[in-house]
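Whatever order the structure lists ligands and atoms in, that order sets their numbers, starting from 1.
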Amino acid sequence: MASEDLSTIAKSLVARGKGILAADESFPTIEKRFATIGVESTEDNRRVYRKMLFTTTGFEEFISGVILFDETIRQTSDDSTPLVEELTRRGVIPGIKVDLGARPLAGAAGEKITEGLDGLRDRLAEYHRLGARFTKWRAVITIGAGIPSRRCIDANAEALARFAALSQEVGVVPIVEPEVLMDGDHTIQRCFEVTQETLGSVFERLAAHRVVLEDMLLKPNMVLAGKACPRQAGVDEVAEQTVKCFRRVVPAAVGGIVFLSGGQSNEKATAHLNAMNALAETHPWQLSFSYGRALQDPPLRTWAGKAANVRKAQEAFRHRARLNGAARFGRYSEKMEKEFAVV
Ligand code: 13P
C-alpha cells in the first residue's frame with residue numbers, strides 16, 4: 001500500500017471529534033473484566049458483548065476505529081455478518097492487537113518484554129486480508145525501586161520499532177504503545193522522567209528502523225502520579241506535564257497521539273484529555289483517545305450479561321464516547337456527565 005494511503009488511515013483515526021475504542025482484551029483480561037459482572041468468559045459471551053458495542057446506534061460519530069482481538073476479527077453477528085463488517089459498514093476502521101503479551105524479561109526482576117515478533121509478517125498479511133487496516137503493539141514499563149532499567153526500555157523500544165516497520169511494509173498503520181504503568185507510589189515528576197526516557201528510546205529506534213512517522217500513531221500513557229502516591233496531581237497539572245513531556249520528545253510528524261486510559265477513572269480520563277486540548281488552539285499533533293476501560297466500564301456494568309440490558313448498555317457506551325469526543329475539542333464539562341443521551 002502506498003504511503004499516502006497509510007497516512008490517510010492514520011489521519012482518519014484521529015479525525016476531529018473522534019477517537020479509538022480498544023476492545024482487544026486478551027483471554028485472561030476479558031475474563032477478569034467479565035468476572036466483575038459475574039459473567040463467564042465463553043466464546044459466545046465475548047461475541048455477544050463485543051457485537052453489542054459495535055452495533056451501537058450512532059457510535060461512529062465519536063469512534064473512528066476499533067482495536068480487535070484475534071478471536072473477534074474472525075467472529076460473526078447472529079445473521080453471519082462478520083463483526084469486521086459491522087464496523088466497516090458504519091465507516092469505523094477495524095484494527096488488531098498483534099503482540100502476544102508481556103512476559104518477564106530475562107534476568108530483570110519486575111520488568112517485562114513484549115513478545116510476538118516471530119512469524120509476525122505472515123500474521124500481519126492474514127489480518128490485512130481479514131480487513132484490519134491498523135495494528136497495535138503494547139509494551140509495559142514498570143516504575144519501582146531501581147526500575148525501569150535502560151535495558152528494559154531499549155529492548156521494548158526495539159520490539160516496538162520492528163513491529164511498526166513490519167506493519168508499514170504490509171500496509172497497515174501501526175499504533176506504537178509504550179505504556180509506563182501507573183501502579184506504584186511514584187510522583188508525577190518520576191513518571192515524567194520515565195516517560196521522557198522511554199519515548200526518547202522509542203523514537204530513536206523508530207528512526208533506526210525507518211518507520212514513517214506520518215504513517216503511525218503513538219499510544220502513550222499520560223504523565224500522572226502513581227496510583228498509591230499520596231500527592232495526586234490536579235487535572236491541569238496532568239495536562240501541562242503531559243504536553244510538556246511530549247513536546248520534548250515526540251516529533252511533530254507523528255500522525256497523532258491516542259492516549260490509553262490505563263486504569264484512570266472514566267471521568268478523569270476524559271477530563272485530562274479535555275484539559276490538554278483546551279491548553280492551546282493547536283498542538284503539533286492531534287491529541288485523542290484509544291481507551292479500553294474508560295470507554296467500556298459503563299456499558300459493561302450496565303449490560304451485566306443480560307439481553308434485556310443491551311439497549312441501555314449501548315446508550316451508556318455512546319454517552320461515554322460522546323463525552324470523549326467533546327474532550328477532543330476541549331469542550332467537555334463535568335455537568336455533561338449527567339446528560340444521558342437518548343437514542
Ligand atoms: P486502557 O484504556 O484500559 O488502558 O486500554 C487501552 C489498551 O489498549 C491497553 O493496551
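Proximity of the aromatic rings of F259 and Y291 is defined here by a centroid distance below 6.0 angstrom, and this criterion is not met.
A cation-pi arrangement is found for R331 relative to F329, the charged atom lying closer than 6.0 Å to the ring centre and inside a 45° cone about the ring normal.
Here the side chain of T42 pairs a donor or acceptor atom with the backbone of N45 at under 3.5 angstrom. Within the 3.5 Å criterion, the main-chain N or O of V223 finds a donor-acceptor partner in the side chain of T242.
Contacts between A22 and ligand 1 below 4.0 angstrom, taking non-hydrogen atoms only, involve the side chain exclusively. For E177, every heavy-atom contact with ligand 1 shorter than 4.0 Å involves the side chain, none the backbone. Contact annotation for K97 and ligand 1: no heavy atom of the residue comes within less than 4.0 Å of the ligand. When heavy-atom distances to ligand 1 are checked against a 4.0 Å cut-off, S290 comes that close only through its backbone atoms N, CA, C and O. Contacts between R138 and ligand 1, counted as non-hydrogen atom pairs separated by less than 4.0 Å, involve the side chain only.
If you number the atoms of ligand 1 from 1 as listed, the ones under 4.0 Å from a heavy atom of S261 come out as 1 (P), 2 (O), 3 (O), 4 (O).
Identified under the salt bridge (charged side-chain N to carboxylate O under 4.0 Å, His left out) test for residues 194-210, with sequence neighbours left out: R150-E197, E158-R205.
Between F317 and F59, the two ring planes are tilted [angle within 30° to 60°].
Residue Y291 has no nitrogen or oxygen atom sitting less than 3.5 Å from a nitrogen or oxygen atom of ligand 1, judged on distance alone. Any N or O atom pair closer than 3.5 Å counts here, and G262 shares at least one such pair with ligand 1. Geometrically, ligand 1 and G292 share a nitrogen or oxygen pair separated by less than 3.5 Å. Taking any N or O of K219, backbone or side chain, at least one lies under 3.5 Å from an N or O belonging to ligand 1.
Considering only heavy atoms from C-beta on, T187 stays 4.5 Å or farther from F192 through its side chain. With a 4.5 Å cut-off on side-chain heavy atoms, P220 and V176 do not count as touching.
The closest protein non-hydrogen atom to atom 10 (O) of ligand 1 is K136 NZ, 2.6 Å.
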